[in-house]
Amino acid sequence: MSESNIDLPERQTATSGTRPDVNRAGLREWSGLALLSLPTALLGLDLTLLHLALPALAADLRPSSTEALWIMDAYGFMIAGFLITMGTLGDRIGRRRLLMVGAAAFAVASIFAAFSSGAVMLIAARAALGVSAATLMPSTLALISNIFRDPRQRALGFGVWATMFGVGYALGPVVGGFLLELFWWGAAFLIALPIVLLLLILGPFLLPEHRAANSEKLDLPSLALSLATMLPVIYGIKQIAKYGFATDALTAIAVGLAVAILFIRRQRRLSDPLLDMTLFSSKTLCVALIILLVGLVAVGGAMLLVAQYLQLVAGYAPFGAGLWMGLAALGMIAGGVAAPLVARHFRPGHVVAASLALSAAGYLLMAIICGDTSSGVALAVSGLTLAYFGNGTIAALGTDLVVGSAPPEKAGSASAMTETVQDLGISLGIAILGSISTAIYRHWIARSAPDNLGPAAHEAVSDSLWGALAVRAEVPAVLIEDARAAFVAGFNTAAVLSAIAVTMLAVLSALALRHIKKLEPSSE
C-alpha cells in the first residue's frame, strides 16, 4: 500500500527487544494472534448474549421497562463512550498493560453481573463491563499492528480479528439460548472467566509491549470533553432507535456536538493531544472511515430487521432465529478471511468495491421479500449473508487502511477511531433504518386499522408489529396479516435505501482508493 505502508519498517516495540532483520511473523506471533482472538470473540459475544436470556433475567430480577433497556444497552453505551480515551491511554501506558488490566476488570465485572441480586446492580455491572471492554478493543487491534510488520500478514491479522468479533456477535443469541437450557441466566456472564485467565497467563509471553515514546501525561480536560461528546451522542442515537426523534434524544445529540467543537479546538492546541487531528489529513484514513461508518449503518439496520422478520413474520422462536442469523454470519467470516488474501493479487480499493457490490445485491434480495415466508426466509438469510460478506471485507481491509495510515505511536488512537465509527454505524443503522421502517409501517397500518378497535388495541397495532402480535387475540386475523405486510413494506424500503448507499460506497472505494497498491510482502 502506498499511504498505509510507509511506516511499517519503523514499527517496533518501545519496551521490548526488536528484530529489525526479521520481518515475517513466526509461531510466537501467530500464537499471539490466536490469543488476541479470544477476547475479541468475547467482546462480540457479550453484545448479543442477553438477547435470549432477558425473559428469564426479568422474571428473576423484576426490572422496570426502563431498567430492562439499560441492562441491554449499558454495555454497548459505555464501550462507545470510552473507546477514544482507552485507545490513547494504551498508547501512553502500554497496550499490553492496558489489555491485561482491562481483562482483569472484565472478569471481576462479569462475576458481579452473574450474581447480581437486583436490576440496578446488574446495570452497574454491565456498565463496568462496557468500560473494561473499551480497553480491550483498541488494545487488541493496536497489538496486531505491532505483532505483524509484514503488510500481508498484518492485513490477514486484521481479517482474523474482524472475523472473530463477527463470530462472537453472531453466536451470542445461540450460546445464550444453549446456556439458558442448562443453567441460570447468570451463567452467560461466566464464559469470560476462562478466556480472561488464559489471556492473563499467556499474554506476557506471547504479546509484545508497546507505548509511545516521549508521550506526555493524559490531558484530563480532553478526557472530560471526549466523554461529554461521545456519551450524549450515543445516548441520543440509542433513544432515537427506540422511541423516535424525541426532544431529549435530539437535545443530547446537540449537546454532544457542541462539546465536540470544544474538544476539537483543544486537541489542535495541544502538543500531545488525546486525539491527533492531523490523522484526518490522510485521504486514505478518511475514506476508509466513511466506508466503515456507512457500511455499518446498512448492516446494523439489516441485522435488526432480519431478526424481527424471522421472529415476527416467519414465526421462528428466538433460538431458531439466532441459528439463521448465525448461518448468515458465515458470510462475515468468509469476507474477513478472504479479503486480505485476495488483496495480495488485486488492489484493496477494488476488492472493497467488489465486496460492497455483492452487499448491494444482498440488500436488493431483502428488498423483494414478500408475504410468502417460505421464499422470504431464503431471501432474508441470503441477503444478510451477502451484507455480512461485505461487512467482513470492509472491517478487515478498512481497519488495515486506517491503522496503517497512522504513525506507529498513534496506532491505539487510530484503532479506537475504527471501533468508534463501527459502533456508531451499527447504532445509527438501527436508529435511522429502524425509524424509516417503523414510519412506513405506521403509515400503512393506519389505512387498515378498523375504527371499532378498542383504544389500547388500536394503539398497540398502530405502534409496531410487536404490539399487534401482543394483542392478536383482541383484533381480527386479517389485521394481523395487514400488520405483517406493513412490516415487510418497511423492511423492503429500508433495504432499497441500503442498496443505494452501499452502491455509492462501492463507487467511492473504486475511485478514492484506487491508488492503494495490492498487498506486497515487506522488502526488509
Side-chain angles (χ1 to χ4, degrees), residues 69-70 73-89 127 130-131 134 137-138 218-270 273-283 285-301 398 402 410 413-436 438-439 497 501 504-505 508:
L69 288 174
W70 276 109
D73 287 347
Y75 178 72
F77 178 69
M78 299 305 284
I79 287 178
F82 280 84
L83 274 172
I84 294 294
T85 297
M86 295 304 180
T88 305
L89 183 62
V131 176
M137 297 176 85
L218 195 65
D219 182 57
L220 294 181
S222 291
L223 171 59
L225 289 172
S226 171
L227 296 178
T229 295
M230 294 303 303
L231 293 177
V233 170
I234 295 296
Y235 171 81
I237 291 173
K238 288 184 176 293
Q239 290 296 98
I240 290 173
K242 292 180 174 64
Y243 307 114
F245 294 90
T247 302
D248 64 331
L250 296 177
T251 301
I253 293 175
V255 169
L257 294 178
V259 177
I261 296 174
L262 300 177
F263 174 77
I264 292 171
R265 287 179 176 176
R266 183 170 183 84
Q267 303 317 293
R268 288 175 173 170
R269 294 197 305 266
L270 296 175
L274 181 68
L275 179 61
D276 189 351
M277 304 307 296
T278 62
L279 292 175
F280 294 98
S281 63
S282 167
K283 183 180 77 171
L285 181 142
C286 291
V287 171
L289 287 177
I290 291 171
I291 290 172
L292 285 169
L293 176 64
V294 180
L296 268 293
V297 168
V299 168
V402 172
K410 298 293 183 181
S413 181
S415 301
M417 279 195 291
T418 68
E419 290 296 334
T420 303
V421 163
Q422 292 183 70
D423 189 89
L424 277 174
I426 291 177
S427 297
L428 283 170
I430 293 173
I432 296 173
L433 296 177
S435 297
I436 291 173
T438 299
L497 294 175
M504 294 172 65
L505 283 185
L508 174 65

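Side-chain atoms are counted along with the backbone in the values below, which use heavy atoms only and exclude waters and symmetry mates.
- Considering CG of L225 and CZ of R265, their distance stands at 12.0 Å, rounded to 0.5 Å.
- Summarising the geometry of I290 relative to L505, their closest heavy-atom pair is O-CD2, 4.2 Å, with the distance given to 0.1 Å.
- Among D248, I253, T247, the one residue that satisfies the side chain to side chain contact (heavy atoms under 4.5 Å, CB included) test with T251 is T247.
- Heavy-atom minimum distance, L227 versus P232: O-CD, 3.6 Å.
- The CD1 atom of I291 sits 12.0 Å away from atom CG of L296, with the distance rounded to the nearest 0.5 Å.
- Distance CZ/R266 to OG/S226: 12.5 Å, rounded to 0.5 Å.
- For the atom pair L262 CG and L257 CG, the distance stands at 11.5 Å (nearest 0.5 Å).
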